[in-house]
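Counting starts at 1 for both ligands and their atoms, in listed order.
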Amino acid sequence: MKNFKRAKAQAALDWPKDLLSISDLSPQRVREALQLAQRVKEAPGAYQHSLTGCHAVLLFEKPSLRTRLTFEIGMATLGGTASFVDCQHQRIGERESVKDMAKNLERWCSVLVLRTFSHAILEELARNTVIPVINALSDFEHPAQVLADMLTLQQRWEEVQGRKVVYVGDPNNVSNSLMQVCAMLGVHFVLISPAGYAADPVCCERAWRAAEQSGSSVELSHDLGRLFGADAVYTDVWTSMGQESQAEKKRRDFAGYQVTPALMNRAGKKALFLHCLPAHRGEEVVDAVIDGPRSAVYDQAENRLHVHKALLLKALRNA
Ligand code: CP
Ligand code: NVA
């Protein structure tokens, strides 16, 4: 009985095996990851041998600049190694079963970092392997991205609780994770999208539940007037990777939702501008905003590195 209790207590302390959704982390775990990322940023040398002997495999079904490189550089600067497998022309599960792949990979490596079209494939792979799996973007969520976004906001404001973040544009993988992490950390979140483009109900439900706990709010709107009082305005591409056939229609449907200096002014004079990148300049955002003084986009990109290092340390060393 005693052992059982101890095992339960230990499990509560442990970092979860997989990070597939940001909801795999409790608010406390999110804060711990951000603290570790900040420490890693300030003293990278202290961690340079932490993952000696560890090997990451990155399997990506879609292109990437930031995510791929920051996981690769992250492993290298923690003393580990990484292999990149380009799955753009042969998706995971096509050549052999996802289970067989998972069972092979766990014999050679320590952690899997996956970018998939289908979130279900990510879940299937994670279920079938004993090693940690990290979501590097799926059709459903982009949890590693929003941790870097929160680190960026924390660095700018010190405390994010009570601030207001407004996401304008296409409800997608990024906004699905963003609404949840904001709710967990007590940030008021508003998603403004055109009629006909609704946020994912499962993520909304999770975000509303988290907001109840933290005392923040999560609101869905079509009204750009809801920008008023925003401390940060976030947008992402209108056409995510794999949705290229919808680009023309989306350009028409989202025309009024482009982030321009006039739109930023509706938020407030000090509002930051955030974008996960890559940006489709001239579509969801204009140069004057993304290159302007309120833009934090390159800090977000830099913080991907520190956050990924923290996630690797947590997953492999329970740091
Ligand atoms: N933000 C992001 O995930 O960028 P990449 O697609 O370049 O990895
Ligand atoms: N929503 C975008 C994010 C890219 C980082 C996409 O899925 O293409």
Side-chain angles (χ1 to χ4, degrees), residues 19-22 37 56-75 82 84-88 91 112-122 134-153 167-181 191-194 197-200 203 232-247 250-251 253-254 257-259 273-281 283-285 290 295-309 311-312:
L19 176 59
L20 308 185
S21 160
I22 193 69
V57 169
L58 281 64
L59 297 132
F60 279 42
E61 294 184 333
K62 299 176 184 181
S64 172
L65 175 74
R66 283 148 288 271
T67 312
R68 173 186 174 169
L69 284 170
T70 49
F71 271 108
E72 287 181 330
I73 297 167
M75 278 306 285
F84 180 77
V85 185
D86 185 349
C87 301
Q88 285 189 68
R91 290 196 192 172
L112 303 178
V113 180
L114 265 86
R115 172 164 286 197
T116 60
F117 279 93
S118 151
H119 194 76
I121 292 275
L122 193 66
I134 299 177
N135 180 358
L137 180 146
S138 69
D139 56 344
F140 188 51
E141 283 210 42
H142 199 1
Q145 172 69 52
V146 300
L147 289 171
D149 302 335
M150 287 299 119
L151 183 63
T152 306
L153 294 181
Y167 178 97
V168 182
D170 187 36
N172 62 15
N173 41 12
V174 171
S175 63
N176 281 345
S177 295
L178 187 68
M179 67 165 69
Q180 295 177 71
V181 82
L191 185 146
I192 307 178
S193 61
Y197 291 91
D200 180 87
C203 293
V233 177
Y234 198 127
T235 194
D236 185 14
V237 292
W238 296 334
T239 307
S240 283
M241 291 180 279
Q243 301 179 340
E244 287 74 13
S245 63
Q246 300 170 33
K250 285 192 147 180
R251 257 179 230 124
D253 292 349
F254 285 84
Y257 292 78
Q258 184 181 60
V259 181
F273 172 72
L274 303 176
H275 194 308
C276 56
L277 303 178
H280 295 165
R281 287 168 176 255
E283 287 193 14
E284 76 276 4
V285 62
I290 196 168
S295 174
V297 300
Y298 303 127
D299 288 348
Q300 291 172 266
E302 179 192 325
N303 283 329
R304 298 296 302 280
L305 175 63
H306 312 306
V307 159
H308 294 174
K309 288 173 77 169
L311 294 179
L312 291 164

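In this structure the side chain of R115 never reaches within 4.5 angstrom of the side chain of L59, judged on heavy atoms. The closest side-chain heavy-atom distance from I22 to L147 is below 4.5 Å. At a threshold of 4.5 Å between non-hydrogen side-chain atoms, the residues Q300 and L274 count as touching. At a threshold of 4.5 Å between non-hydrogen side-chain atoms, the residues Y234 and S175 do not count as touching. Counting heavy atoms from C-beta on, the side chains of M75 and L312 come closer than 4.5 Å. Side-chain contact between Y257 and D170 is absent, with no heavy-atom pair separated by less than 4.5 Å. F273 places a side-chain heavy atom less than 4.5 Å from the side chain of I290. Side chains of V113 and F71 form a contact here, defined as non-hydrogen atoms less than 4.5 Å apart.
Protein heavy atom closest to atom 7 (O) of ligand 1, with residue, atom name and distance, is L65 N, 2.7 Å. Summary of contacts: the protein heavy atom closest to atom 4 (O) of ligand 1 is R66 NE, 2.9 Å. M241 N, 2.8 Å is the protein heavy atom nearest to atom 8 (O) of ligand 2. For atom 4 (C) of ligand 2, the closest heavy atom belonging to the protein is L137 CD1, 3.8 Å. Of the protein's non-hydrogen atoms, the one nearest atom 3 (C) of ligand 2 is D236 OD2, 3.5 Å.
With V174 as the partner, the side chain to side chain contact (heavy atoms under 4.5 Å, CB included) test is satisfied by one option alone out of H275, E141, H142: H142.
Some N or O of S64 is nearer than 3.5 Å to an N or O of ligand 1, by distance alone. Geometrically, ligand 1 and C276 share a nitrogen or oxygen pair separated by less than 3.5 Å. Polar contact with ligand 1: absent for L137 (N/O pair, distance under 3.5 Å).
Ranked by closest heavy atom to atom 6 (C) of ligand 2, the top entry among S240, C276, A279, G169 is S240.
Aromatic ring orientation, Y197 versus F254: tilted (interplanar angle from 30° to 60°).
Numbered from 1 in the order shown, with element, the atoms of ligand 2 that lie under 4.0 Å from a heavy atom of L277 read 5 (C). Applying the 4.0 Å criterion to heavy atoms of L277 picks out, from ligand 1, the atoms 1 (N), 2 (C), 4 (O). Short contacts between ligand 2 and N172, defined as distances under 4.0 Å to a heavy atom of the residue, involve ligand atoms 1 (N). Near H142, the atoms of ligand 1 lying under 4.0 angstrom from a non-hydrogen atom of the residue are 2 (C), 3 (O).
Contact between T67 and ligand 2 is absent, with no heavy atom of the residue lying under 4.0 Å from the ligand. Using a 4.0 Å cutoff on heavy atoms, R115 counts as a contact of ligand 1.
Counting heavy atoms under 4.0 Å from ligand 2, residue N173 touches it through the side chain alone.
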